[in-house]
Amino acid sequence: MPSFQTTPGTRDILPPQAGRWREFTRVFASVVESAGFECFVPPMFEELGVFQRLGDATDVVTKEMYDFTDKGGRHIALRPEHTASVCRAFAQHRPTPPWKVWYSGSNFRYEKAQAGRYRQFDQVGIEALGADDPQLDVEVIALGWQFYAELGLRNVQLIINSLGDAGDRGRYVDALEKYFRSRITELSEEAQQTLDRNPLRVLDSKREQDAAVIADAPSISAFLSDDAASHFVAVRAGLDALDVPYVVNERLVRGLDYYRRTTFEYIATSLDNAQNAVGGGGRYDGLVEDLGGPATPGIGFALGIDRTLMACDAEEVFPFGSPVIDVFIVDTVDGTRATALAHSLRQAGFATDRAYEGRSMKSQMKAADRSGAGVAIIIGGTEAEEGTCTVRNLSTSEQTTIPVGELQSHLQSVVGPREPRRRPS
RNA sequence: GUGGUCGUAGCUCAGCCCGGUUAGAGCGCUAGGUUGUGGCCCUAGAGGUCGGGGGUUCAAGUCCCCUCGAUCACCCCA
């Protein structure tokens, strides 16, 4: 017999952890929908070209894409992120701006897995297209901040920067490259290779050898146009006004090439591993145009679910698991009464489970205990004859025997009111 | 892609360095101790070709090589 397991960089999210994931998404949706963002579900794969706009110099595009040719000869790629798909959708459907959407789903990048980094990884995020108002930047950044707060996280640091407009960015990259070339012998071998591909990314090196050279590198702030500079001032003033704490870090460069002006990252300071960036985003004015749409500004962020939950673990917050059921039925006669009773209780709105295979009462009671239900309903020979059932409170061990017809109203008083799943017509 | 560490029951691990009778523990699971009652306790049971392949040896979980996988770091990024 062959045996299988998940392929590298993928894994099963089992219960109860999967219940926590679902709650995570629910809370996120609640936060961003309160700000007018609507749910958006793009396809999981697109034409390769949609994602090539992320940057020719990025590993995401050059080395990590899951691409293939489909049966129709199209060059397809599994999405490595959501932003490009949102922009493609905007260009395709031309919704009325501002278009504010949120999403939740898997992305795919062919990387070697490590803590908080998987080949299939899940993100939630928002994108707002069609307005370059700095107040929108503030709203987007503050919503991310608000979400972390609702999870219960305390040790999150917000880092912001401005990469300027396209021209500013170009001139800055030229200056950076010139500077790094002048001190190239002091850089690590890896940083020298990075310099050839993308001088901006050298700023991101974590090696000690590069630290001194990076510290003296020119700053982006000197290269910002008046428009970009005043935009950044307005963003910071807006964050100040909302009491959202942040740190300006002129070394913050985002991984994808489409970013312009405002960029930001949320760092979980409780995580000491290499993957402590739990979320990040920025402006990408120009991306929609690159994808064949009208010139459209845009801003958004994405949060890694794994990494954020790792931070929650580190801070011991957001302790959700699978939801628990209300009642557990123990039927020691033949199991058919449990089936009928469970059916009616579920319709009445009580989350109900039961035991199978005619196990002993002791065994079924153990199952009731493990289920987490607050109440066990016991049907043995006596109850079956009398048309009654015994209701046992599993935390107080008090129990009472009542006619089956009174069960639902009795449960209402024990486990609380429940709404019927289907209203009578 | 590069390097370090590690793969023994469902889970967490001991045994490996110094090869030698039927490979262990805790938790979990199943059953019994209660003639109809969970959690605590006691008892018993099920469950492993020691990741896979090759080699050394009279003998390999234990030593060597390869391979697959996991993990951590670099790289990259969420």
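Remember, predicted model here, so these are calculated numbers, not experimental data. Here is the naming used below: chain letters follow the sequence lines, and residue numbers restart at 1 for every chain.
- In this structure, B:U30 and B:A44 make a Watson-Crick or G-U wobble pair, each of the two defining distances being under 3.5 angstrom.
- With sequence neighbours excluded, no residue satisfies salt bridge (charged side-chain N to carboxylate O under 4.0 Å, His left out) with A:E383.
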Show every donor-acceptor pair shorter than 3.5 Å between a side-chain atom in residues 173-185 of chain A and any protein atom, with sequence neighbours excluded, or say none if there are none.
{"from": "A:E177", "atom 1": "OE2", "to": "A:R181", "atom 2": "NH2", "distance (Å)": "3.0"}
{"from": "A:Y179", "atom 1": "OH", "to": "A:R183", "atom 2": "NH1", "distance (Å)": "2.8"}
{"from": "A:Y179", "atom 1": "OH", "to": "A:V213", "atom 2": "O", "distance (Å)": "2.6"}
{"from": "A:R181", "atom 1": "NH2", "to": "A:D196", "atom 2": "OD1", "distance (Å)": "3.1"}
{"from": "A:S182", "atom 1": "OG", "to": "A:Y179", "atom 2": "O", "distance (Å)": "2.5"}
{"from": "A:R183", "atom 1": "NE", "to": "A:E186", "atom 2": "OE2", "distance (Å)": "3.1"}
{"from": "A:R183", "atom 1": "NH1", "to": "A:D216", "atom 2": "OD2", "distance (Å)": "3.2"}
{"from": "A:R183", "atom 1": "NH2", "to": "A:E186", "atom 2": "OE1", "distance (Å)": "2.9"}

A:F147 vs A:F24, ring-ring contact (aromatic ring centres under 6.0 Å, His included): CA-CA, chis, key distance, verdict: CA-CA 10 Å; A:F147 174 60; A:F24 182 98; 5.1 Å; yes

Base versus backbone protein contacts along nucleotides 5-11 of chain B [heavy-atom cut-off under 4.0 Å; B, S, -]: -------

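- With sequence neighbours left out, A:E406 forms a salt bridge (charged side-chain N to carboxylate O under 4.0 Å, His left out) with no residue at all.
- For A:Y66, the ring pair (Phe, Tyr, Trp, His ring centres under 6.0 Å) partners at least two apart in sequence or on another chain are A:Y110.
- Base pairing of B:C74 is made with B:G1, judged by Watson-Crick or G-U wobble geometry with both donor-acceptor distances under 3.5 Å.
- B:U57: no Watson-Crick or G-U partner with both key distances under 3.5 Å is found in any strand.
- The salt bridge (charged side-chain N to carboxylate O under 4.0 Å, His left out) check on A:R117 picks up A:E111, with sequence neighbours excluded.
- Contacts between residues 9-32 of chain A and RNA chain B, counted as heavy-atom distances below 4.0 Å, involve A:G9.
- Taking atom C1' on both nucleotides, B:G48 is separated from B:U5 by 25 Å, rounded to a whole Å.
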Which atom pairs, donor and acceptor, lie under 3.5 Å between side-chain atoms of residues 97-105 of chain A and protein residues at least two apart or in another chain?
{"from": "A:K100", "atom 1": "NZ", "to": "A:A35", "atom 2": "O", "distance (Å)": "2.9"}
{"from": "A:K100", "atom 1": "NZ", "to": "A:E139", "atom 2": "OE2", "distance (Å)": "2.8"}
{"from": "A:W102", "atom 1": "NE1", "to": "A:E33", "atom 2": "OE2", "distance (Å)": "3.1"}
{"from": "A:Y103", "atom 1": "OH", "to": "A:E127", "atom 2": "OE2", "distance (Å)": "3.3"}

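- A:E190 places its CD atom 16 Å from the P atom of B:A73, with the value rounded to the nearest Å.
- Note on A:E23 versus A:R26: salt bridge recorded, some NZ/NE/NH1/NH2 to OD/OE distance being below 4.0 Å.
- No more than 12 heavy atoms of other residues, nucleotides or ligands sit less than 6.0 Å from atom NE2 of A:H343.
- Look at B:A23: it lacks any Watson-Crick or wobble partner with both distances under 3.5 angstrom.
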Annotated protein contacts, base or backbone, on nucleotides 27-40 of chain B with a non-hydrogen cut-off under 4.0 Å, one of B, S, - each: --SSSSB--BBBB-

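- Comparing the same atom, P, in B:G52 and in B:C41 gives a spacing of 35 Å after rounding to whole Å.
- Under 3.5 Å, the side chains of A:S270 and A:R154 contain no donor-acceptor pair of N or O atoms.
- Looking at A:D132 and A:R260, no side-chain N of the basic residue comes within less than 4.0 Å of a carboxylate O on the acidic one, giving no salt bridge.
- Within residues 98-132 of chain A, the residues that place at least one heavy atom under 4.0 Å from RNA chain B are, in residue-number order, A:R109, A:E111, A:K112, A:Q114, A:A115, A:G116, A:R117, A:Y118, A:F121, A:Q123.
- Remark: B:C17 base-pairs with no nucleotide in the shown strands. Criterion, Watson-Crick or G-U wobble with two distances under 3.5 Å.
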Identify every side-chain donor-acceptor pair in residues 365-380 of chain A under 3.5 Å, counting partners at least two apart or on other chains, and give the distances.
{"from": "A:S371", "atom 1": "OG", "to": "A:A368", "atom 2": "O", "distance (Å)": "2.7"}
{"from": "A:S371", "atom 1": "OG", "to": "A:A373", "atom 2": "N", "distance (Å)": "3.1"}

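- Taking a pair to require two hydrogen-bonding distances under 3.5 Å in either a Watson-Crick or a G-U wobble arrangement, B:U49 remains unpaired.
- With rounding to whole Å, A:D204 atom CG is found 7 Å from B:C77 atom P.
- Salt bridge A:R283/A:D137: present, at least one basic N to carboxylate O contact under 4.0 Å.
- For residues 311-318 of chain A, proximity to RNA chain B is found at no residue, defined as any non-hydrogen atom under 4.0 angstrom from a strand atom.
- Atom name C1', nucleotides B:G53 and B:C11: the rounded distance is 28 Å, in whole Å.
- Side-chain proximity of A:T194 to the nucleotides B:C76, B:C77, B:A70 is greatest for B:C76.
- Atoms CD (A:Q5) and P (B:U71) sit 11 Å apart, rounded to a whole Å.
- Side-chain contact check for A:T263 and A:N161: no donor-acceptor pair (N or O, by modelled atom type) lies under 3.5 Å.
- Within 6.0 Å of the CZ atom in A:R11, the count of heavy atoms belonging to other residues, nucleotides or ligands exceeds 12.
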